[in-house]
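Below is one structure; the comments refer to it alone.
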Amino acid sequence: MTEFEVSLKSATGAHYQVSAGEYTYSEDVSCDTVKGFGQTDLYEPITSLTLSLSTSAKSIYFYSFSFTVFVPQGVDLELTTDSVSATPSIPGEGLVPATNYDLISVDEYYKDIDFNADAASLETSLSTLISTMTRISYGDDTYIMLYTDESVDNPGYLYGIFDGDLISASPNGTWNKEHVWACSHMKLDGKDPRPDSGTVNHATDLHNLRVACHNSNGMHGNKFYDNANTDTTFFPNISGESSASHIYSGDHRGDVARILFYMCLRYDFLELNDELDVNDGLAMGKLSTLLKWNKLDPVDEFEMQRNNRIYEYQGNRNPFIDHPELADILY
């Protein structure tokens, strides 16, 4: 081996070690953006090569490991990697709790709703319907989300909001429960509803909680949503810039909009508007932008799967996923 480079990011510190034959190199690193670490001009004879990573913080974002070797003439070089097999999340097995409800069809759920009624009557009937639900504690949410937020295309991995990150379906240390409607903007009676493990309140509603990697969760914070990133607004499609943890994939604008529509309908003390008043503890927005996003980013298979799976625990659905046209009628 003549050289190697490890490309990673870990704002709060990480440790890596490369072992190759009798050669070993280790280093403690800390980097807010993606950086490469390594050595050149080694000329070390090797028959195997191992990279290990560790951190005392929540996560390391590992991007690549590259190395260069000279292979003698007549020698075959065989490269192998360990196989990784992700296990799909199944309710009642492992860490995922058993469900509370048997899934029913969308038509059955809305069988008593008159979708041709005037907007005020429709809003009342839908609000009453989705308010009939089983409330879940914030601690139980963690384990249920291993199932509700599972990737459609990659079972056994969670699909992160804002950057499309694929995260191992484990409850320990690799992701946050992102409040899409920020806690600081749903202060009932002026009280911050930010929950702890045993809390059961409007801040523990699964429809408003999405799996997010730590960095993406922090980039949103308690900002409103709009088409640009400013001191008060956040654009939910994180790009692959050096400030982001992962290369962007997916469109998350419609997901955000439909979650906020649900929260405003479900909890009548909440409001969606265009004012973006940071001192308003009960409002989110920007409503006019959210209405556009609802059309620009249509409902996808992940949202439908997640809506079904949340129903299995809470017994209620997000009507704006089942009927996206309701957003223009009600808001």
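Counting begins at 1 with the first residue of the sequence.
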### Query
Quick one: does Arg253's side chain have a donor or acceptor within less than 3.5 Å of a partner on Pro236's backbone?
no

### From OG (Ser131) to CZ (Arg266), nearest 0.5 Å
4.0 Å

### Task
With the side chain counted from C-beta on, respond yes when Tyr311 and Leu206 share a heavy-atom pair under 4.5 Å apart, and no when they do not.
no

### Query
Would you find a donor on one side and an acceptor on the other, under 3.5 Å apart, between the side chain of Thr233 and the backbone of Asp226?
no

### Task
Report the C-alpha separation of Asn294 and Phe261 in whole Å, then their side-chain angles, then the decisive distance to 0.1 Å, and conclude whether the side chain to side chain contact (heavy atoms under 4.5 Å, CB included) test is met.
CA-CA 10 Å; Asn294 183 48; Phe261 295 152; 4.0 Å; yes

### Task
Could you verify whether a donor N or O on one side chain and an acceptor N or O on the other, from Thr134 and Tyr101, lie under 3.5 Å apart?
yes

### Task
Would you indicate whether the side-chain heavy atoms of Tyr313 and Pro91 approach each other to under 4.5 Å?
yes

### Message
Would you say Asn100 and Glu312 are linked by a side-chain donor-acceptor pair, where the criterion is simply a distance under 3.5 Å?
### Response
no

### Query
Below 6.0 angstrom between ring centroids: does that apply to Phe234 and Phe162?
yes

### Query
Is there a side-chain contact between Thr2 and Thr40 (heavy atoms, below 4.5 Å)?
no

### Query
With a cut-off of 6.0 Å (strictly less than), are more than 12 heavy atoms of other residues, nucleotides or ligands near CD of Glu325?
yes

### Message
Tell me whether Asp165 contacts the main-chain N or O of Gly160 through its side chain, where contact means a donor paired with an acceptor under 3.5 Å.
### Response
no

#### Entry: Candidate pair Ser7 and Lys35, rule side chain to side chain donor-acceptor pair (under 3.5 Å), full reasoning
CA-CA 5 Å; Ser7 180; Lys35 291 184 179 179; over 6 Å; no

### Message
Would you say CG of Asp118 has more than 12 non-hydrogen atoms from neighbouring residues, nucleotides or ligands within 6.0 angstrom?
### Response
yes

### Message
Tell me whether Trp181 contacts the main-chain N or O of Leu270 through its side chain, where contact means a donor paired with an acceptor under 3.5 Å.
### Response
no

### Query
Is it true that the side chains of His252 and Asn237 contain a donor and an acceptor less than 3.5 Å apart?
no

### Query
Is it true that a side-chain atom of His185 and a backbone atom of Asp280 form a donor plus acceptor pair closer than 3.5 Å?
yes

### Message
Under the criterion salt bridge (Lys or Arg N to Asp or Glu O under 4.0 Å), I'd like the reasoning laid out for Asp322 against Arg317: C-alpha separation, chi angles, the key distance, then a yes or no.
### Response
CA-CA 8 Å; Asp322 298 323; Arg317 301 182 64 86; 2.8 Å; yes

### Close side-chain approach of Ile259 and His207, heavy atoms under 4.5 Å
no

## Note on the structure
Smallest heavy-atom separation, Phe224 atom then Ala283 atom, equals CE2-O, 3.5 Å

### Query
Quick one: do the Asn222 and Ser184 side chains pair a donor with an acceptor below 3.5 Å?
yes

### Message
Could you tell me if the side chain of Val34 sits less than 4.5 Å from the side chain of Leu8, heavy atoms only?
### Response
no

#### Entry: Check: Asp297 main-chain N/O paired with Trp293 side-chain donor or acceptor under 3.5 Å
no

#### Entry: Point-to-point distance, once rounded to the nearest 0.5 Å, from OH of Tyr43 to CD of Glu3
8.5 Å

### Query
Given side chains that start at C-beta, do those of Met219 and Ile238 come closer than 4.5 Å, heavy atoms only?
yes

### Query
Are Arg194 and Asp192 within salt-bridge range, i.e. N to O under 4.0 Å?
yes

### Query
Got more than 12 heavy atoms from elsewhere within 6.0 Å of OH, Tyr143?
no

### Task
Please confirm whether Lys286 makes a cation-pi placement over Tyr225, using NZ or CZ under 6.0 Å from the six-membered ring centre and within 45° of the ring normal.
no

### Message
Under 6.0 Å from the ring centre and within 45 degrees of the ring axis: does the NZ or CZ of Arg309 meet both conditions for the six-membered ring of Tyr147?
### Response
yes

### Message
Between Lys223 (side chain only) and Thr230 (backbone N and O only), is there a donor and an acceptor less than 3.5 Å apart?
### Response
yes

### Side-chain donor/acceptor of Glu150 to backbone N/O of Ser89, under 3.5 Å
yes

### Query
Do NZ/NE/NH1/NH2 and the carboxylate oxygens of Arg306 and Asp255 come within less than 4.0 Å?
no

### Query
What do the steps show when you test Tyr159 against Asp149 for side chain to side chain contact (heavy atoms under 4.5 Å, CB included), and what is the final call?
CA-CA 6 Å; Tyr159 182 64; Asp149 284 36; 6.0 Å; no

### Message
Between Phe65 and Phe67, is the ring centroid distance below 6.0 Å?
### Response
yes

### Query
Quick check, are the ring centers of Phe320 and Tyr262 under 6.0 angstrom apart?
no

### Task
Please lay out, stage by stage, how Asn176 and Val211 fare under the test side chain to side chain contact (heavy atoms under 4.5 Å, CB included).
CA-CA 6 Å; Asn176 291 137; Val211 166; over 6 Å; no

### Task
Identify the two heavy atoms, one from Pro298 and one from Glu303, that lie closest to each other, and give their separation to 0.1 Å.
O-OE1, 3.9 Å

#### Entry: Validation row, ring centre Tyr138 to ring centre His179 under 6.0 Å
yes

### Message
Using the rule given for side chain to side chain contact (heavy atoms under 4.5 Å, CB included), can you reason through Ile161 versus Val256, listing the C-alpha separation, both sets of side-chain angles and the distance that settles it, and then say yes or no?
### Response
CA-CA 9 Å; Ile161 195 169; Val256 166; 4.1 Å; yes

## Note on the structure
Between the OG atom in Ser125 and the OH atom in Tyr110, the distance rounded to the nearest 0.5 Å is 11.0 Å

#### Entry: Short side-chain to backbone donor-acceptor contact, Asn217 and Glu178, under 3.5 Å
no

### Query
Distance from Asp163 atom CG to Ser239 atom OG, nearest 0.5 Å?
10.5 Å

### Query
To the nearest 0.5 Å, what is the distance between CD1 (Ile136) and CE (Met145)?
12.5 Å

### Task
Search all heavy atoms of Met304 against all heavy atoms of Val299 and return the closest pair with its distance.
CG-CG1, 3.7 Å

### Message
So, taking the atom named CZ in Phe115 and the one named NE2 in His323, what distance separates them when rounded to the nearest 0.5 Å?
### Response
3.5 Å

### Message
Tell me whether Glu22 contacts the main-chain N or O of Pro45 through its side chain, where contact means a donor paired with an acceptor under 3.5 Å.
### Response
no

### Summary
Note: Asp251 and Leu296 closest approach over all heavy atoms is OD2-O, 4.5 Å

### Task
Please check if any side-chain donor atom of Tyr25 sits under 3.5 Å from a side-chain acceptor atom of Glu44, or the reverse.
no

## Note on the structure
Closest non-hydrogen contact found for Leu146 with Leu158 is O-CD2, 3.5 Å

### Query
Can you name the closest pair of heavy atoms from Ile167 and Ala212 and give their distance?
CD1-C, 4.3 Å

